[in-house]
Amino acid sequence: MGLTDIRQKIDKAAKRAGRAASEISLIAVSKKQPDERVEAVLDQGHRVFGENRVQEAQDKWPAFRDRYGPCELHLIGPLQTNKARAAMELFDAIQVLDRLKLAKTLARLAQEIGRCPDLFVQVNTGEEDQKAGILPAEADSFISECRAMDLPLRGLMCIPPIDEEPALHFALLGKIAARNGIGELSMGMSGDFESAIAQGATHVRVGSAIFGDRPSD
Ligand SMILES: *Cc1c(COP(=O)(O)O)cnc(C)c1O
């Protein structure tokens, strides 16, 4: 595995789907990875990364950006409202917009700060109790409410249940996006990014297949 291998697999999956590989952004999920592995991927020229905790990203990324220049950072893990300002200052995209309270906080802070990262609504396609995200039946109204607040809604994101066929969840996310005129789809991880590309993913979030297994915490 590794970055080159994943890029090749993305190219092939795009070709099979009749899509241009350039439409697909590879988010290298660096959460919990040792610095030297992240540096190796930065040294290969990659500049798009995902982190799931604001604090961990704050500890790592300012120094990486100092050394390597601009890096596009995506927040892909739950966001508490008391960390929203820090997240807006650090991240280029927040993929975990999953409730009205957070939308209101982001809208207020966007006014104060004068800018807002790209936002993705997380949809709980499997309707799992333990998972964050808007339920599919509530997605259309939630998206309208976010738009009424002038939030820069760019995409939808989902994490399918581990024991179900992911393609069905990717297809559902694509349908919700299409009927709401939303262009970006963040879906697919190490085990299923090729299937996600077949279903229209514009962002795949790949961690262990690039960096190796995360050291257990
Ligand atoms: C950790 C994580 C990933 C990457 O998972 P891998 O299986 O290591 O590719 C992708 N998306 C989210 C939301 C994650 O938390």
Side-chain angles (χ1 to χ4, degrees), residues 1-10 13 24-38 40-41 44 46-61 71-80 83 87 90-99 102 117-134 154-167 169-170 172-174 177 184-217:
M1 297 276 206
L3 184 67
T4 310
D5 190 51
I6 297 303
R7 280 196 186 295
Q8 280 169 2
K9 290 193 160 126
I10 289 173
I24 298 149
S25 174
L26 170 59
I27 301 173
V29 178
S30 48
K31 65 182 186 198
K32 293 187 194 149
Q33 294 288 354
D35 283 357
E36 58 272 19
R37 292 189 191 169
V38 182
V41 168
Q44 287 176 273
H46 196 74
R47 291 293 182 270
V48 185
F49 292 86
E51 289 283 348
N52 70 335
R53 285 169 184 270
V54 176
Q55 181 67 56
E56 184 186 340
Q58 277 179 315
D59 292 343
K60 286 154 73 170
W61 283 95
C71 296
E72 184 182 312
L73 278 189
H74 293 249
L75 179 64
I76 60 168
L79 177 57
Q80 297 167 329
K83 298 252 173 76
L90 185 67
F91 288 93
D92 301 285
I94 293 176
Q95 296 207 354
V96 288
L97 178 50
D98 63 352
R99 59 199 192 278
L102 180 58
D118 288 346
L119 300 177
F120 289 62
V121 171
Q122 182 172 354
V123 181
N124 185 357
T125 56
E127 305 187 27
E128 295 172 278
D129 288 338
Q130 78 280 15
K131 210 163 265 176
I134 302 290
R154 302 276 183 255
L156 302 182
M157 179 270 225
C158 76
I159 310 168
I162 40 174
D163 53 355
E164 287 181 30
E165 169 56 49
H169 295 270
F170 299 152
L172 172 60
L173 197 71
E184 314 278 312
L185 289 171
S186 172
M187 53 193 201
M189 311 185 3
S190 289
D192 54 19
F193 66 91
E194 289 154 303
S195 160
I197 289 168
Q199 300 287 337
T202 59
H203 295 71
V204 293
R205 312 178 305 266
V206 181
S208 44
I210 293 177
F211 296 104
D213 288 339
R214 284 177 285 279
S216 53
D217 43 346

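Both ligands and their constituent atoms are indexed starting at 1 by order of listing. Everything numeric in this text was worked out from a predicted model, so none of it was measured. Below, all heavy atoms of this structure are taken into account, side chains as well, without hydrogens, waters or symmetry copies.
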So which protein heavy atom does [atom] come closest to, and at what separation?
atom: atom 14 (C) of ligand 1; value: K31 NZ, 3.0 Å
atom: atom 12 (C) of ligand 1; value: I76 CD1, 3.5 Å
atom: atom 5 (O) of ligand 1; value: M189 CE, 3.6 Å
atom: atom 6 (P) of ligand 1; value: S190 OG, 3.4 Å

May I ask you to list the atoms of ligand 1 that are less than 4.0 angstrom from any heavy atom of [X]?
X: G207; answer: 4 (C), 6 (P), 8 (O), 9 (O)
X: V206; answer: 9 (O)
X: I159; answer: 13 (C)
X: R205; answer: 4 (C), 9 (O), 10 (C), 11 (N), 12 (C), 13 (C)

With no hydrogens and no angle check, is any side-chain donor or acceptor of K131 less than 3.5 Å from a backbone partner on I159?
yes
With no hydrogens and no angle check, is any side-chain donor or acceptor of D59 less than 3.5 Å from a backbone partner on E56?
no
Once side chain to side chain contact (heavy atoms under 4.5 Å, CB included) is applied, do any residues pair with Q130, and if so which ones, sequence neighbours excluded?
E128
Just say parallel, tilted or perpendicular for the rings of H74 and F120, cut-offs at 30° and 60°.
perpendicular
Could you walk me through whether I27 and Q95 pass side chain to side chain contact (heavy atoms under 4.5 Å, CB included), step by step?
CA-CA 12 Å; I27 301 173; Q95 296 207 354; 3.4 Å; yes
With sequence neighbours left out, the residues meeting salt bridge (charged side-chain N to carboxylate O under 4.0 Å, His left out) with D92 are R65
So is R214 polar-close to ligand 1, meaning N/O to N/O under 3.5 Å?
yes
Could you walk me through whether R7 and H46 pass side-chain hydrogen bond (donor to acceptor under 3.5 Å, both in side chains), step by step?
CA-CA 11 Å; R7 280 196 186 295; H46 196 74; 2.9 Å; yes
